[in-house]
Amino acid sequence: MSVCVRELGFTYGEHQVLNNVGMVLPDGKLLAVLGPNGVGKTTLFRCILGLEKNFSGTIEIDGDDVNSLSARQMAARIAYIPQVRGNAFGFTVMDMVLMGTSHSMSIMSVPRQKQVEVAEEAMESTGIADLRHRSFVHLSGGEQQLVLIARALAQKAGILVMDEPTSSLDFGNQALVMKKVRRLADDGYTVMMSTHNPQHALWYADLSLAMKDGEVEEFGRVNDVMRPEVMERLYGIKVKFVKDGDSFLISPEVRND
């Protein structure tokens with residue numbers, strides 16, 4: 001499934017949060033959205049997810065305007081994966097993943113064998129099947145993030161929107177989660193993630209959307225967007241790109257002035 005954003009604008013009161021934002025995310029690609037805090041990344045996601053309605057411009061999911069789709073129709077197309085918060089009221093991993101199937105059930109109904117099988121498949125896909133009976137709150141941060149990804153996969157949506165999937169994770173768990181995110185795109189999911197780590201964008205993404213002051217600074221193939229001068233404009237620091245095999249390492253220029 002594809003996402004197309006054209007001339008998107010959004011204001012909170014008199015504050016212009018998004019201005020003339022545009023991008024096209026094709027099927028089966030991983031997009032990294034970059035930029036410092038407060039540039040509108042979360043608002044962009046909320047508009048794409050259909051949570052904000054009063055925007056200007058257009059947003060299309062697989063060619064359909066998001067404002068023409070019901071909540072159930074949206075849930076069948078696009079899933080949101082939040083940052084790990086840790087508070088899940090003692091739900092088991094199975095309980096958490098089953099929540100992803102709720103849009104396929106009628107109100108007041110309980111999960112049936114079909115939903116259980118979908119949840120089992122999602123857990124197998126993310127490598128957490130052996131955790132099914134564990135309490136979510138007792139898992140590591142990386143394991144919790146994989147549970148949230150499995151919950152989204154159980155939703156059976158073709159588009160995954162991830163809000164900083166490696167936030168607060170240690171180095172090893174960051175690598176674990178990002179490898180899984182990359183694999184999801186390789187398996188045909190359309191993935192959009194925000195990140196405060198430009199290195200993750202450079203290593204794992206196909207496309208990058210660099211945002212500054214609510215506008216698009218750069219958009220395109222990740223190797224075209226990820227340049228030292230773009231990083232300086234976004235974050236206000238000079239960096240060097242050091243060749244490392246087929247990719248680059250981003251190194252800030254540290255001066256002892």
Side-chain angles (χ1 to χ4, degrees), residues 30-39 41-46 48-49 51 75 78-102 118-157 159-187 189-206 208-209 222 235 247 249-250 252:
L30 171 53
L31 169 71
V33 183
L34 297 170
N37 288 328
V39 298
K41 299 188 297 294
T42 298
T43 302
L44 171 62
F45 282 3
R46 288 181 60 83
I48 291 173
L49 290 162
L51 301 176
I78 188 166
Y80 174 60
I81 301 169
Q83 297 178 32
V84 169
R85 299 298 185 187
N87 186 0
F89 303 102
F91 288 120
T92 67
V93 169
M94 173 60 87
D95 292 334
M96 291 290 292
V97 178
L98 274 172
M99 291 176 189
T101 68
S102 60
V118 168
E120 291 280 2
E121 180 183 351
M123 288 187 292
E124 289 286 350
S125 178
T126 49
I128 59 169
D130 59 328
L131 304 177
R132 58 171 60 82
H133 300 305
R134 293 271 303 277
S135 171
F136 180 82
V137 297
H138 293 153
L139 302 179
S140 70
E143 289 170 335
Q144 288 182 342
Q145 192 66 65
L146 291 176
V147 172
L148 297 181
I149 292 173
R151 182 176 67 180
L153 298 186
Q155 195 171 316
K156 291 294 186 180
I159 302 169
L160 306 176
V161 175
M162 300 183 173
D163 182 12
E164 298 180 33
T166 61
S167 177
S168 301
L169 298 184
D170 62 39
F171 182 74
N173 278 313
Q174 288 183 33
L176 175 70
V177 169
M178 286 309 305
K179 284 181 180 179
K180 183 59 191 177
V181 172
R182 178 64 254 174
R183 193 175 304 124
L184 290 171
D186 292 338
D187 288 343
Y189 286 93
T190 303
V191 185
M192 177 184 299
M193 71 170 189
S194 61
T195 179
H196 282 306
N197 190 334
Q199 191 68 67
H200 286 170
L202 195 58
W203 278 342
Y204 298 103
D206 300 301
S208 183
L209 174 66
V222 67
Y235 302 109
S247 186
L249 296 174
I250 305 174

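Model, not experiment: these values are computed from the prediction.
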- request: Could you give me the CA-CA distance, side-chain angles and deciding distance for Leu249 and Trp203, then say whether side-chain contact (heavy atoms from CB on, under 4.5 Å) is met?
  value: CA-CA 9 Å; Leu249 296 174; Trp203 278 342; 3.4 Å; yes
Smallest separation among heavy atoms of [X] and [Y], with atom names:
X      : Y      : result
Ala201 : Val222 : O-CG2, 3.3 Å
Ala75  : Ala157 : O-CB, 3.8 Å
Met94  : Ala119 : SD-CB, 3.9 Å
Pro165 : Ser194 : CD-O, 3.5 Å
Leu160 : Ala152 : CD2-CB, 4.0 Å
Val177 : Gly142 : CG2-O, 4.1 Å

State which residues pass side chain to side chain donor-acceptor pair (under 3.5 Å) with [X]; sequence neighbours excluded, sorted by chain then number.
X      : result
Ser247 : none
Ser135 : none
Thr126 : none
His196 : Asn37, Glu164

Heavy-atom distance under 4.5 Å between the side chains of [X] and [Y], does that happen here?
X      : Y      : value
Val33  : Phe45  : yes
Leu184 : Ile149 : yes
Lys180 : Ser125 : yes

If you measure from [atom1] on [X] to [atom2] on [Y], what distance do you get to the nearest 0.5 Å?
X      : Y      : atom1 : atom2 : result
Asn197 : Tyr204 : CG    : OH    : 9.5 Å
Met178 : Met193 : CE    : CE    : 3.5 Å
Leu44  : Leu49  : CG    : CG    : 9.0 Å
Asp163 : Leu148 : CG    : CG    : 11.0 Å
Gln144 : Leu131 : CD    : CG    : 11.0 Å
Gln145 : Ser168 : CD    : OG    : 10.0 Å

message: Given 3.5 Å as the limit, does a donor-acceptor pair link the side chain of Tyr235 with the main chain of Gly35, or not?
response: yes
- request: Measure from the side-chain N and O atoms of Lys41 to the backbone N and O of Thr195, and report whether any donor-acceptor pair falls under 3.5 Å.
  value: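 Such a contact is absent between Lys41 side chain and Thr195 backbone.
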message: Applying the side-chain contact (heavy atoms from CB on, under 4.5 Å) criterion to Leu146, which one of Leu139, Leu176, Val93 satisfies it?
response: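 Of Leu139, Leu176, Val93, side-chain contact (heavy atoms from CB on, under 4.5 Å) with Leu146 is met by Leu176 alone.
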- prompt: Any salt bridge (Lys or Arg N to Asp or Glu O under 4.0 Å) pairs touching residues 195-206, not counting sequence neighbours?
  reply: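 Those involving residues 195-206 are Arg182-Asp206.
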field: Set of side-chain contact (heavy atoms from CB on, under 4.5 Å) partners for Ala122, sequence neighbours left out
entry: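 Expected list: Val97, Ala150, Leu153, Ala154.
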side-chain contact (heavy atoms from CB on, under 4.5 Å) partners for Asp95, two or more places apart: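 Scan of Asp95 (side-chain contact (heavy atoms from CB on, under 4.5 Å), adjacent residues dropped) gives Phe91, Thr92.
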message: So, using salt bridge (Lys or Arg N to Asp or Glu O under 4.0 Å) as the criterion, who are the partners of Glu120 when residues are at least two apart?
response: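 Counting only residues at least two positions away or on another chain, Glu120 forms a salt bridge (Lys or Arg N to Asp or Glu O under 4.0 Å) with Arg132.
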field: Contacts of Glu121 that satisfy salt bridge (Lys or Arg N to Asp or Glu O under 4.0 Å) - sequence neighbours left out
entry: Lys156
- request: Begin with the C-alpha distance, continue with both residues' side-chain angles, and end with the deciding distance and a verdict on side-chain contact (heavy atoms from CB on, under 4.5 Å) for Ile128 and Arg134.
  value: CA-CA 10 Å; Ile128 59 169; Arg134 293 271 303 277; over 6 Å; no
query: Which pairs, with at least one residue in residues 169-179 and sequence neighbours excluded, count as a side chain to side chain donor-acceptor pair (under 3.5 Å)?
result: Asp170-Asn173, Gln174-His200
